[in-house]
Amino acid sequence: MAVDLLLGLQWGDEGKGKIVDVLTKDYDIIARFQGGPNAGHTLEFDGHKHVLHTIPSGIFHEGTINLVGNGVVIDPVIFKRELDNLAKFNLDIKKSLLISRKAHLILPTHRLLDAASEASKGKAKIGSTLKGIGPTYMDKTGRNGIRVGDLEMDNWQEKYRALADKHEAMIDFYNVDVQYDLADLEAEFFKAVEVLKSLTFIDSEEYLHQAQQNGKTILAEGAQGSLLDIDFGTYPFVTSSNTTAAGACTGLGVAPGKIKEVFGIFKAYTTRVGSGPFPTELFDEAGEIMGRVGNEFGATTGRPRRCGWLDLVALRYAVQVNGVTQLIMMKGDVLSGFDTLKVCTAYNYKGETIQHFPYNIEAENVTPVYTEMKGWQADLTKMTEASQIPQALNDYIDFLEKELEVPIKIVSVGPDRKQTIHR
Ligand code: IMP
């Protein structure tokens with residue numbers, strides 16, 4: 001069986017958690033392949049809201065296997081908190097949640113290093129979620145990291161000590177004011193590691209290979225968004241993993257030829273949290289309305305998200321890099337009430353009009369070229385059928401499909417599972 005992929009096409013927060021939850025019934029296995037607790041995947045059903053950070057979004061479906069792949073970085077402390085929040089659901093976690101031995105661990109000192117690095121950058125800071133993501137991936141590629149599989153060995157604490165001591169020296173080197181009590185942090189960490197060790201560790205690439213041989217259906221769940229990809233995003237204002245389709249191959253051990261559908265999720269407008277360029281960002285009432293109506297606050301950090309019009313230059317780029325086969329448009333309901341909507345179809349770049357996403361998209365280099373479209377007034381949040389979609393929204397969708405050359409198969413009109421229109 002093939003593996004399907006679901007990815008965010010913008011700067012994250014597109015609503016991946018909700019859609020994975022909606023699609024889960026079609027899959028035997030949901031597998032996270034990159035990122036870590038910098039993600040906040042929100043699911044709403046039966047009047048309750050749940051935010052997951054590391055645990056895949058299929059966890060609430062009975063019988064679904066949820067796999068944390070080798071490309072993910074795990075903070076045992078946050079992981080334990082997620083498990084504590086799930087306790088009331090009486091899930092059989094030992095059976096339904098599997099963890100790759102090759103996934104790397106976020107140590108308390110990784111979080112401190114993240115804080116020190118950001119503090120040292122001053123105004124040039126990345127706007128990191130400060131979950132230790134960058135330093136952990138640095139240790140992974142620097143071949144110093146501690147992996148989940150190490151926890152099954154006797155000497156892992158020696159390795160831990162050597163690495164934590166080195167990190168402390170590095171924190172000193174930054175020479176910034178980062179206050180901490182490592183003994184306290186370590187007590188919490190070692191306690192959480194014991195909880196992690198009670199879960200099921202597997203050789204996940206082998207597990208997924210066997211699952212494919214046995215005809216199981218697999219959905220790879222991306223985190224963050226394509227424009228935060230370490231290679232293809234707006235570097236250096238990116239995260240430290242490959243958030244694009246190729247990341248699923250390296251983050252799960254799935255061969256490229258095995259990938260079938262690539263579901264690309266985007267919002268009907270654009271948001272970004274943290275620093276970095278954002279050509280269609282709005283500083284006026286329209287942006288304020290999107291933020292307020294769309295409740296645009298980070299699920300992990302609570303920070304307000306920057307809002308702007310839909311950027312088709314960036315979206316086209318993400319569709320290309322990922323090989324998207326089906327699009328899913330989120331939060332169409334948030335745009336209800338605007339008389340006119342703008343969509344960026346090209347950039348004015350150093351005196352030229354360009355259609356592609358250039359190396360440099362800072363405001364001094366790029367001005368968006370907009371097409372204006374008629375807005376819609378109807379409240380979409382009660383709609384469940386494609387036939388109920390107002391004409392102006394259908395025109396908006398048709399325009400995007402033509403520009404992106406990929407069909408929009410799902411239109412989401414609210415955070416609940418039920419507020420989902422299939423086309
Ligand atoms: P880090 O991955 O926490 O170091 O953050 C790096 C950049 O990616 C910052 O601009 C963050 O705001 C952004 N970022 C990281 N994770 C997410 C996410 O899940 N959603 C949206 N932005 C994110």
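When a ligand or atom number is given, it counts from 1 through the structure's own listing order. Note: hydrogens, waters and symmetry copies are ignored here, and every other heavy atom, side chains too, is used.
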Below a 4.0 angstrom heavy-atom separation, can you tell me which part of [X], side chain or backbone, both or neither, approaches ligand 1?
{"X": "Val238", "result": "backbone"}
{"X": "Thr129", "result": "both"}
{"X": "Phe237", "result": "neither"}

Does ligand 1 come near enough to [X] that some N or O of the ligand is less than 3.5 Å from an N or O of the residue?
{"X": "Asp114", "value": "no"}
{"X": "Arg272", "value": "no"}
{"X": "Arg303", "value": "yes"}
{"X": "Gly12", "value": "no"}

Assess the side chains of [X] and [Y]: does a donor N or O sit below 3.5 Å from an acceptor N or O?
{"X": "Thr244", "Y": "Asn322", "value": "no"}
{"X": "His104", "Y": "Asp139", "value": "no"}
{"X": "His61", "Y": "Asn66", "value": "no"}

*Do Glu403 and Arg316 pass the salt bridge (Lys or Arg N to Asp or Glu O under 4.0 Å) test, and can you show the C-alpha distance, the side-chain angles, and the key distance before you say yes or no?*
CA-CA 8 Å; Glu403 288 279 324; Arg316 213 178 284 126; 2.8 Å; yes

*Taking only heavy atoms of Leu228 into account, list the atoms of ligand 1 that are under 4.0 Å away from them.*
8 (O), 13 (C), 14 (N), 22 (N), 23 (C)

*Could you list the atoms of ligand 1 found under 4.0 angstrom from a heavy atom of Trp11?*
21 (C), 22 (N)

Take every heavy atom of [X], measure it against each atom of ligand 1, and state whether any distance is under 4.0 Å.
{"X": "Lys131", "answer": "no"}
{"X": "Gly134", "answer": "no"}
{"X": "Ala223", "answer": "no"}

_For atom 22 (N) of ligand 1, which of the options Ile126, Val273, Leu130 provides the nearest non-hydrogen atom?_
Val273

Any side-chain heavy atom of [X] sitting closer than 4.5 Å to one from [Y]?
{"X": "Thr24", "Y": "Leu219", "answer": "no"}
{"X": "Phe237", "Y": "Pro277", "answer": "yes"}
{"X": "Thr109", "Y": "Phe189", "answer": "no"}

Residue, atom name and distance, where the atom is the protein heavy atom closest to [atom]:
{"atom": "atom 5 (O) of ligand 1", "result": "Ser128 CA, 3.5 Å"}
{"atom": "atom 9 (C) of ligand 1", "result": "Gly127 O, 3.3 Å"}
{"atom": "atom 21 (C) of ligand 1", "result": "Asp13 OD2, 3.1 Å"}
{"atom": "atom 2 (O) of ligand 1", "result": "Thr239 OG1, 2.6 Å"}

*More than 12 non-hydrogen atoms from neighbouring residues, nucleotides or ligands closer than 6.0 Å to CZ on Phe89, yes or no?*
yes

*asked:* Are more than 12 heavy atoms, taken from residues, nucleotides or ligands other than Glu364, located less than 6.0 Å from that residue's CD atom?
replied: yes

_Assess the residue pair Phe190 and Tyr160 against the criterion (ring pair (Phe, Tyr, Trp, His ring centres under 6.0 Å)); give the C-alpha distance rounded to whole Å, side-chain angles, the decisive distance to 0.1 Å, and a yes or no._
CA-CA 11 Å; Phe190 287 120; Tyr160 168 84; 5.2 Å; yes

_Intermediate values then yes/no, side-chain hydrogen bond (donor to acceptor under 3.5 Å, both in side chains), Thr271 and Asp13_ = CA-CA 8 Å; Thr271 64; Asp13 308 316; 4.9 Å; no

